Amino acid sequence: MARKLFCQISPLTYKISVYKCQKLRSIKDIFSKANFAKDKQKEPLEFLVYAHNSLIRRRLGNVDMELQENKAVNLSLAAPKVTNVLIKPGQTFSFWRLVGSTHKKYGYKEGLQISNGKVSAGVGGGMCQFTNLIHWIVCHTPLKIIEHHHHDRFDLFPDFNRQVPFGMGTSIFNNYLDYRFFNPTDTTFQLITYVKDEYLCAQMRSDKPTKYSYHIKAENERFEKKGEQFYRLGEVYRTVVDKRSGNIIKKELLRKNNALVMYKLENND
């Protein structure tokens with residue numbers, strides 16, 4: 001039997017490990033030279049770069065719908081913490097530095113969480129959907145992603161009205177697994193986020209027109225059986241197009257998927 005990690009010994013050692021990681025991240029940020037985005041502006045910047053809406057209550061296997069309802073509450077609490085933030089040239093966006101704690105004392109409820117390929121309930125659950133949406137928006141801009149954790153080693157649920165290619169998700173945990181991006185341009189960007197009845201919505205705006213458009217597409221998607229298990233394979237590419245000429249500037253590989261399927265595929269035993 002493999003020796004347990006300290007964090008796996010008991011719930012107490014797990015909490016100690018989490019606390020240590022959170023404090024180490026806080027200390028690292030204190031000594032970091034990063035200029036974190038924090039200023040906000042209620043008036044939207046002039047140019048819309050990209051916008052997308054994410055359905056909040058989705059059918060995910062046998063997941064309790066109460067967790068989906070609680071997730072809606074959690075997202076409605078977190079979205080105002082992020083919305084209208086300006087990411088100026090040379091600045092870094094940090095999700096957790098804006099959202100802060102998702103403790104129950106702030107009104108957060110038990111929502112859906114994914115950890116080590118398993119679905120569970122946790123206070124503040126649903127924040128991954130928030131950063132998934134932000135990541136999808138950022139991938140359609142010239143902003144540079146500098147911290148992005150994945151949980152795409154597993155394909156947990158059958159597709160249901162999927163709009164974003166598989167493999168474009170994020171994994172976060174307050175505060176040491178963060179989602180961060182950097183603005184290397186001379187343009188100021190503004191991220192606007194809000195919740196409607198059915199959707200979590202986001203826009204990226206800017207103070208000047210952007211030169212390129214970005215098109216993201218999955219290719220070579222397939223399921224393959226390896227031994228007794230099925231895997232979801234494929235690639236996700238981003239094509240950068242010059243808006244003025246229409247010429248393709250480059251095509252780049254964003255993700256290469258090799259995920260263990262955790263549900264029963266139709267037409268397969």
Side-chain angles (χ1 to χ4, degrees), residues 7 11-30 32 34 36-42 53-58 60 63-87 91-116 118-138 147-149 151 169-181 190-203:
C7 63
L12 176 60
T13 60
Y14 175 78
K15 289 182 179 179
I16 292 172
S17 296
V18 169
Y19 180 79
K20 182 194 74 172
C21 291
Q22 289 173 333
K23 289 302 177 183
L24 287 174
R25 168 50 73 98
S26 297
I27 292 170
K28 184 178 179 180
D29 281 349
I30 289 173
S32 170
F36 291 104
K38 60 181 180 179
D39 294 337
K40 294 187 175 183
Q41 177 180 300
K42 288 187 177 181
N53 299 337
S54 177
L55 184 66
I56 295 174
R57 299 168 184 85
R58 293 190 298 146
L60 299 173
V63 173
D64 187 350
M65 284 306 296
E66 184 179 359
L67 295 179
Q68 299 280 44
E69 295 299 329
N70 290 348
K71 179 180 69 173
V73 172
N74 295 341
L75 292 173
S76 70
L77 292 171
K81 302 286 187 66
V82 174
T83 196
N84 297 322
V85 66
L86 299 173
I87 306 97
Q91 287 192 326
T92 296
F93 171 95
S94 163
F95 179 79
W96 286 121
R97 289 180 72 90
L98 291 172
V99 171
S101 174
T102 53
H103 196 276
K104 62 183 179 181
K105 67 181 179 181
Y106 299 119
Y108 289 92
K109 298 185 176 184
E110 282 202 339
L112 177 69
Q113 289 188 163
I114 298 173
S115 178
N116 294 321
K118 297 180 180 179
V119 176
S120 62
V123 175
M127 294 302 104
C128 282
Q129 181 170 348
F130 200 169
T131 50
N132 288 353
L133 177 57
I134 294 173
H135 178 58
W136 181 244
I137 294 282
V138 170
E147 183 173 348
H148 177 202
H149 305 276
H151 51 206
T170 61
S171 179
I172 57 172
F173 195 99
N174 190 4
N175 62 350
Y176 59 92
L177 296 182
D178 202 357
Y179 180 77
R180 296 184 175 188
F181 60 84
Q190 179 188 37
L191 181 60
I192 297 175
T193 60
Y194 56 96
V195 172
K196 296 197 297 188
D197 290 342
E198 300 295 330
Y199 293 92
L200 173 65
C201 309
Q203 298 179 6

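Only a predicted model underlies this, so the values are computations on that prediction, with no experimental measurement involved.
- At least one donor-acceptor pair under 3.5 Å links the side chain of Lys40 to the backbone N or O of Lys81.
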**Prompt:** When you look at Leu24 and Tyr176, which way does the side chain to side chain contact (heavy atoms under 4.5 Å, CB included) test go after all the steps?
**Reply:** CA-CA 8 Å; Leu24 287 174; Tyr176 59 92; over 6 Å; no
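- To the nearest 0.5 Å, atom CZ of residue Arg97 and atom CG of residue Asp29 are 5.0 Å apart.
- Residues in residues 125-134 take part in these side-chain hydrogen bond (donor to acceptor under 3.5 Å, both in side chains) pairs, two or more places apart or across chains: Ser54-Gln129, Lys71-Gln129, Thr131-Thr170, Asn132-Thr170.
- Of the possible polar contacts, none joining the Ser32 side chain to the Lys28 backbone as a donor-acceptor pair under 3.5 Å is found.
- A heavy-atom distance below 4.5 Å is not found between the side chains of Phe130 and Ile172.
- The main-chain N or O of Asn174 is found under 3.5 Å from a side-chain atom of Gln22 such that the two form a donor-acceptor pair.
- Counted within 6.0 Å of OH on Tyr199, heavy atoms from surrounding residues, nucleotides or ligands total 12 or fewer; the atom is thus considered open.
- Remark: His135 pairs with Tyr179 by the side-chain hydrogen bond (donor to acceptor under 3.5 Å, both in side chains) rule, at least two apart or across chains.
- Across all non-hydrogen atoms, the minimal contact from Ala202 to Thr193 is CB-CG2, 4.1 Å.
- Partners of Asp178 by side-chain contact (heavy atoms from CB on, under 4.5 Å), not counting sequence neighbours, listed by chain and number: Arg25, Ser94, Phe95, Trp96, Glu147, Arg180.
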**Message:** Run Ile56 and Leu75 through side chain to side chain contact (heavy atoms under 4.5 Å, CB included) and show every step you take.
**Reply:** CA-CA 9 Å; Ile56 295 174; Leu75 292 173; 4.2 Å; yes
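- Pairing each heavy atom of Asn175 with each of Ser26, the nearest pair is ND2-OG, 3.3 Å.
- Of all heavy-atom pairs spanning Leu191 and Ile87, the tightest one is N-CD1, 4.1 Å.
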**Message:** Run the side chain to side chain contact (heavy atoms under 4.5 Å, CB included) test on Leu98 and Phe36 for me, step by step, so that the C-alpha distance in whole Å, both residues' side-chain angles and the decisive distance to 0.1 Å come before the verdict.
**Reply:** CA-CA 10 Å; Leu98 291 172; Phe36 291 104; over 6 Å; no
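- Residues Cys201 and Leu133 approach most closely at C-CD2, 3.9 Å, considering heavy atoms.
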**Item:** Test side chain to side chain contact (heavy atoms under 4.5 Å, CB included) applied to Phe181 and Ile134, step by step
**Value:** CA-CA 10 Å; Phe181 60 84; Ile134 294 173; 4.1 Å; yes
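- The CG atom of Leu55 sits 6.5 Å away from the CD atom of Glu198 when rounded to the nearest 0.5 Å.
- Across every non-hydrogen atom of Ser171 and Cys128, the tightest pair is CA-SG, 4.1 Å.
- Residues passing the side-chain contact (heavy atoms from CB on, under 4.5 Å) test with Leu12 are Ser10, Ile16, sequence neighbours excluded.
- Side chain of Asp39 to main chain of Leu86: no donor-acceptor pair is present (N/O by atom type, distance under 3.5 Å, no hydrogens or angles).
- Contact between Ala72 and Arg57 at its shortest, heavy atoms only, is CB-NH2, 3.5 Å.
- Side-chain contact between Val138 and Phe93: absent, with no pair of heavy atoms (C-beta onward) separated by less than 4.5 Å.
- By the side-chain contact (heavy atoms from CB on, under 4.5 Å) test, Ile192 pairs with Pro44, Thr83, Asn84, Gln190, Tyr194, Gln203, Arg205, sequence neighbours left out.
- With sequence neighbours excluded, the residues that form a side-chain contact (heavy atoms from CB on, under 4.5 Å) with Val123 are Lys104, Tyr108, Glu110.
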